[in-house]
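Within every chain, numbering begins at 1; the chains are lettered A, B, ... in the order of the sequence lines, protein sequences first and strands thereafter. Just so it is clear, the values below take in all heavy atoms, side chains as well, and ignore hydrogens, waters and symmetry mates.
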Amino acid sequence: MQKLSADFYIREEVDLIAKELLGKLLVVKSGNQIYTARIVETEAYAGVIDAASHAYKNKRTQRTETMYMKGGTAYVYFCYGMHYLFNVVTNQQDIPHAVLIRAVEPLFEVPQQFKKSKRLPGSGPALVTKLLGFDKSHDGISLLKNDLYIADDGYAPVSIAVSPRIGVDYAGNAAKWLYRFFIEGHPYLSPHVYNKNAVKII
DNA sequence: GCGCCGATTTGCT
DNA sequence: GCAAATCGGCGCG
């Protein structure tokens with residue numbers, strides 16, 4: 001099991017990074033516990049040129065400042081007044097690329113409280129942060145240290161599909177970009193109604 | 001299975 | 001004032 005290094009995150013092609021994050025392990029240490037979950041669905045956000053990105057046109061606010069940090073940083077923000085969403089910042093400092101982690105498969109024993117929902121734990125961007133306990137305190141944390149990181153255990157997805165991103169209809173032409181990546185047929189994906197315009201690429 | 005609604009922070013897209 | 005990188009509950013059928 002190999003922790004991903006800065007070289008993985010500090011690259012130009014954010015869509016390639018989003019695809020390569022599929023099948024990787026998200027590792028969270030909390031006290032004495034270690035929680036591990038496999039990433040099964042992601043979305044790429046291409047910064048200043050991407051109308052769906054918070055950093056479109058180089059917009060800087062208190063919230064988006066984290067996106068301008070160097071690749072390998074966690075960007076956690078509050079959405080819809082209710083949910084936290086977890087992203088991985090990529091590329092070099094001041095280039096605000098990010099990958100949204102939309103769904104994970106927990107590889108640990110999930111507490112009973114998360115099993116009450118009809119949806120599987122981790123099967124949506126706000127369910128990922130709920131399952132792993134992410135909140136504002138995780139915003140800006142480095143993924144190159146030991147408390148929160150992503151690792152490669154050699155697992156490779158058999159089949160990968162792409163689709164337009166979810167919930168970004170306001171973004172004009174960028175709403176059509178095939179920047180959502182997921183492991184085809186995986187049970188822990190977000191609701192399958194989102195897969196209507198998906199295309200298998202592997 | 002589908003569609004509507006409310007929750008309620010953030011930034012004006 | 002309003003829409004947003006969402007989810008769960010409800011009604012309908």
Side-chain angles (χ1 to χ4, degrees), chain A residues 9 14-15 17-19 21-22 26 37 39-69 71 73-91 95-106 110-140 143 150 161-182 187-198:
Chain A
Y9 299 108
V14 65
D15 52 336
I17 296 173
K19 186 178 75 171
L21 281 172
L22 294 177
L26 180 57
I39 296 167
V40 301
E41 180 177 335
T42 61
E43 277 177 5
Y45 286 85
V48 300
I49 62 161
D50 182 353
S53 171
H54 294 159
Y56 182 44
K57 294 180 178 173
N58 220 41
K59 180 167 62 182
R60 282 181 182 257
T61 66
Q62 188 170 10
R63 179 176 70 162
T64 65
E65 201 57 34
T66 308
M67 294 186 79
Y68 293 83
M69 296 173 73
T73 301
Y75 171 44
V76 179
Y77 78 96
F78 201 56
C79 187
Y80 294 109
M82 279 189 100
H83 305 296
Y84 292 99
L85 272 62
F86 169 60
N87 300 248
V88 175
V89 175
T90 73
N91 215 323
I95 300 183
H97 288 182
V99 176
L100 171 67
I101 306 302
R102 283 193 55 87
V104 300
E105 173 192 4
V110 176
Q112 199 62 35
Q113 63 183 112
F114 297 110
K115 295 181 179 175
K116 294 173 185 169
S117 169
K118 288 178 183 173
R119 291 174 57 175
L120 291 168
S123 64
L127 298 181
V128 170
T129 57
K130 187 178 170 190
L131 175 71
L132 299 174
F134 288 177
D135 59 30
K136 190 130 191 158
S137 72
H138 295 78
D139 185 43
L143 301 174
I150 299 173
V162 298
S163 82
R165 293 170 292 183
I166 308 303
V168 298
D169 291 345
Y170 59 89
N173 196 52
K176 301 173 187 169
W177 296 357
L178 300 176
Y179 268 17
R180 171 172 172 255
F181 300 85
F182 58 97
Y188 280 77
L189 299 176
S190 61
H192 64 81
V193 292
Y194 294 146
N195 295 345
K196 192 180 176 194
N197 296 315

Need one value for [X]: base, sugar-phosphate or nothing, where a base atom within 4.0 Å counts as base even if backbone is also close, heavy atoms only.
X: A/Leu100; result: base
X: A/Ser117; result: sugar-phosphate
X: A/Lys116; result: nothing

OP1 or OP2 of B/dG1 under 4.0 Å from side-chain N/O of A/His192: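 Yes, because at least one side-chain N or O of A/His192 sits under 4.0 Å from OP1 or OP2 of B/dG1.
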N or O in side chain of A/Arg180 less than 4.0 angstrom from C/dA5 OP1/OP2: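 False: A/Arg180 side-chain N/O out of range (4.0 Å or more) of C/dA5 OP1/OP2.
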Sorted by number, the residues of residues 44-64 of chain A with heavy-atom contact under 4.0 Å to DNA chain C: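 Listed by number, they are A/Tyr45, A/Ala52, A/His54.
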Side-chain donor-acceptor pair present, A/Thr42, A/Arg102, cut-off under 3.5 Å: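 Judged by distance alone, the side chains do not pair up.
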Near-ring test A/Tyr84/A/Phe134, centroid separation under 6.0 angstrom: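 Judged by ring-centre distance (under 6.0 Å), A/Phe134 and A/Tyr84 do not meet the cut-off.
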Separation of the C1' atoms in B/dT13 and C/dA5, to the nearest angstrom: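 Looking at atom C1' only, B/dT13 and C/dA5 are 13 Å apart.
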Distance in Å, A/Met82 CE paired with A/Lys130 NZ, rounded so as to fall on 0.5 Å steps: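 Answer for the CE-NZ pair, A/Met82 versus A/Lys130, is 9.0 Å.
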A/Tyr80 over C/dT6, stacked by centroid distance under 5.5 Å, angle under 30°: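 Yes, aromatic ring over the base.
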Watson-Crick or G-U pairs under 3.5 Å in DNA chain C, rendered as dot-bracket with [ ] for crossing pairs and | for another strand: ||||.|||||||.
